[in-house]
Amino acid sequence: MLNFNFCAPTYFEFGKGTEAQAGPLVKRFGGTKILLHYGGGSVKKSGLLDTVVASLRESGLEFVELGGAVPNPVDSKVYEGIELCRKEAVDFVLAVGGGSAIDSAKAIAAGAVYDGDFWDFFQGKGVEKALPVGVILTIAAAGSEGSVNSVITKESTNEKRGCGGEVLRPVFAILNPALTQTLPPYQTAAGSTDIMVHVIERYFSNTKEVEITDRLCEAVLKTIITETPRVIENPDNYEARANIMWAGMVAHNNLCGVGREQDWVSHGMEHELSAFYGATHGAGLAVICPAWLKFVSRKNPGKVVQFAVRVWDCDMNFEHPELTAAEGIERFENFLRKIGMPSSIKEFGAKEEDIPKLARHIGSVSETEKNFGGYVKLDLGDVEAIYKLAY
């Protein structure tokens, strides 16, 4: 196990009706003038926004609203939020929604107290200051409610990039699983897929003697495998929703990733599908991650075999371990199809002739064009090969 530091001080308020605690929690964490940031009409139609607004008013808090956060959040909305924060002297950002609203809120919080262009943070500059961010979560997926990360798309160039910093970790997060019961099955399944891949990209590591985090990863994966079909069959299953929601947080606050090398190639490759074709993030991962597993299993099968046996309950074939690995990947793919996820990048509108462009675009926004990944080092040719497997 590698040396590491770990501090995850987000305060979680979990359970039914907890959204009514928005005002007291903002006040507890020092907010006096709030930017209330949310997405589309669902938070209004459901009555959630009314509940949050009432709670803020009952706590004597001022606020301004910024709706319009979109899936694969964009820089134009971040700039709008930064301008509004400065104009209104906002000192706290409250995100109501899923990962898109939260990531947008984090970028706004960083940019509002920075003299330069917030995009600097998405080109490698460290984030040292930000307004405090609170979260009311409406979908279990991105894990942004407990993480230090934000991902934003620059519309002019289709660059989908991430940044991170401890100051971006939400000071509190309200998690009411009942708020996810109205989600369409496709969104629920895409969220579960995102959770799984957040774990997989920590699990596939060459770091030795990391049994504790291996077992934590496996527990989260098995929870999603068990609970997702239950909520697809019965969307009102609160207990299954609760398990998935907490799994989403555990998957991405890095509890499962400390002390080990990690591999985020699948996320990087999927970002191109979201940026160019508008693919739902989890759905894109459902296509890319199995293709990546197939490719790396040929070069470094050890962890893929462990994944097959421990997570998917495959019998170990000691004479031909590669067959065990292949069976595990197949069971993973079958699960994703069962919950309604796509099986090919063609389903997003991608054409085979697009593949070199997608690979080159990854190269143009990465630190190096010839050294992707951790579990298996890849070059641009390998990235193309994985896209072809996903095609």
Side-chain angles (χ1 to χ4, degrees), residues 1-8 10 99 140-149 164 189-229 240 242-268 270 281-282 285-286 288-297 300-314 316 321 324-325 327-336 339 341 373-376:
M1 185 181 290
L2 306 176
N3 290 0
F4 66 88
N5 57 68
F6 181 71
C7 179
T10 304
S144 195
E145 67 275 8
S147 82
V148 301
N149 306 108
S192 287
T193 305
D194 194 10
I195 293 168
M196 293 184 82
V197 180
H198 281 157
V199 174
I200 286 169
E201 295 192 306
R202 292 173 167 92
Y203 187 71
F204 280 87
S205 172
N206 294 313
T207 308
K208 304 298 184 185
E209 303 291 346
V210 285
E211 185 71 2
I212 177 61
T213 43
D214 271 1
R215 292 299 190 179
L216 288 172
C217 288
E218 291 156 9
V220 175
L221 290 168
K222 282 189 155 302
T223 296
I224 297 300
I225 292 165
T226 299
E227 302 292 17
T228 304
N243 280 311
I244 292 172
M245 181 168 269
W246 193 243
M249 194 291 297
V250 171
H252 202 42
N253 78 336
N254 210 35
L255 182 65
C256 294
V258 294
R260 58 197 295 151
E261 294 177 349
Q262 300 179 19
D263 189 309
W264 290 88
V265 166
S266 291
H267 263 74
E270 194 291 320
H281 180 53
L285 290 171
I288 292 296
C289 189
W292 175 82
L293 283 168
K294 289 174 185 176
F295 186 88
V296 300
S297 68
N300 190 0
K303 203 78 177 199
V304 190
V305 173
Q306 181 177 306
F307 175 70
V309 173
R310 289 189 180 184
V311 176
W312 297 103
D313 300 322
C314 298
M316 181 65 202
T324 304
E327 183 181 358
I329 298 169
E330 183 179 8
R331 291 190 184 189
F332 182 29
E333 288 183 302
N334 288 342
F335 170 79
L336 295 171
I339 63 174
M341 289 289 92
Y375 183 65
V376 170

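Closest non-hydrogen pair, His281 versus His267, comes out as NE2-NE2, 3.1 Å. Listed here is the closest heavy atom pair of Ser266 and Cys289: OG-CA, 3.7 Å. For the pair Asn253 and Val250, the tightest heavy-atom approach, listed with the atom from each and the gap, is OD1-O, 3.4 Å. In terms of heavy-atom proximity, Cys256 sits nearest to Thr213 at O-CB, 3.6 Å. Ile329 approaches Ser297 most closely through the heavy-atom pair CD1-OG, 4.1 Å. The shortest heavy-atom contact between Gln262 and Gly257 is NE2-O, 3.0 Å.
With hydrogens and angles ignored, the 3.5 Å screen pairs no side-chain donor or acceptor of Asp194 with any backbone N or O of Gly282. Side-chain atoms of Arg331 do not come within 3.5 Å of backbone N or O of Ala308 as any donor-acceptor pair. Arg202 contributes no side-chain N or O that, together with a main-chain N or O of Arg260, makes up a donor-acceptor pair within less than 3.5 Å. Here the side chain of Asn254 pairs no donor or acceptor atom with the backbone of Ser147 at under 3.5 angstrom. In this structure, the side chain of Asp263 engages the main chain of Val265 through a donor-acceptor pair within 3.5 Å. In this structure, the side chain of Glu333 does not engage the main chain of Pro290 through any donor-acceptor pair within 3.5 Å.
The aromatic rings of Phe335 and Trp312 sit tilted, their planes meeting at an angle between 30° and 60°. Note: Phe204 and Trp292 have perpendicular aromatic rings, judged against thresholds of 30 and 60 degrees for the angle between ring planes.
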Item checked: side chain to side chain contact (heavy atoms under 4.5 Å, CB included) evaluation trace for Glu261 with Val210 -> CA-CA 10 Å; Glu261 294 177 349; Val210 285; over 6 Å; no
Checklist line | Test side chain to side chain contact (heavy atoms under 4.5 Å, CB included) applied to Ile224 and Ile244, step by step | finding: CA-CA 6 Å; Ile224 297 300; Ile244 292 172; 4.2 Å; yes
Notebook entry, point to check: Please walk me through it: do Tyr375 and Val304 pass side chain to side chain contact (heavy atoms under 4.5 Å, CB included)?
Noted result: CA-CA 11 Å; Tyr375 183 65; Val304 190; 4.2 Å; yes
Item checked: Working for side chain to side chain contact (heavy atoms under 4.5 Å, CB included), residues Val220 and His198 -> CA-CA 10 Å; Val220 175; His198 281 157; over 6 Å; no
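Within the model, atoms NE2 of His252 and CG of Asn149 stand 4.5 Å from one another, a figure rounded to the nearest 0.5 Å. Distance check, rounded to the nearest 0.5 Å: SG of Cys217 to CG of Leu255 gives 9.0 Å. A distance of 12.5 Å separates NZ in Lys222 from CD in Glu227, rounded to the nearest 0.5 Å. In this structure, the separation between OG1 on Thr223 and CD1 on Ile195 is 10.0 Å, given to the nearest 0.5 Å.
Considering only residues two or more places apart in sequence or on other chains, Thr10 meets the side chain to side chain contact (heavy atoms under 4.5 Å, CB included) condition with Phe12, Arg169, Pro170, Ala173. A search for side chain to side chain contact (heavy atoms under 4.5 Å, CB included) contacts involving Met316 returns Val305, Val309, Phe318, Pro321, Thr324, not counting sequence neighbours. For Thr207, the side chain to side chain donor-acceptor pair (under 3.5 Å) test picks out Ser205, with sequence neighbours left out.
A heavy-atom distance below 4.5 Å is found between the side chains of Leu293 and Phe307. In this structure, Thr228 and Met196 have side chains that are not in contact, with every pair of non-hydrogen atoms separated by 4.5 Å or more. Using a 4.5 Å heavy-atom cutoff, the side chains of Val197 and Glu270 are not in contact.
For the residue pair Glu218 and Tyr203, a side-chain donor N or O sits within less than 3.5 Å of a side-chain acceptor on the partner.
More than 12 heavy atoms of other shown residues, nucleotides or ligands fall within 6.0 angstrom of atom CD in Glu211.
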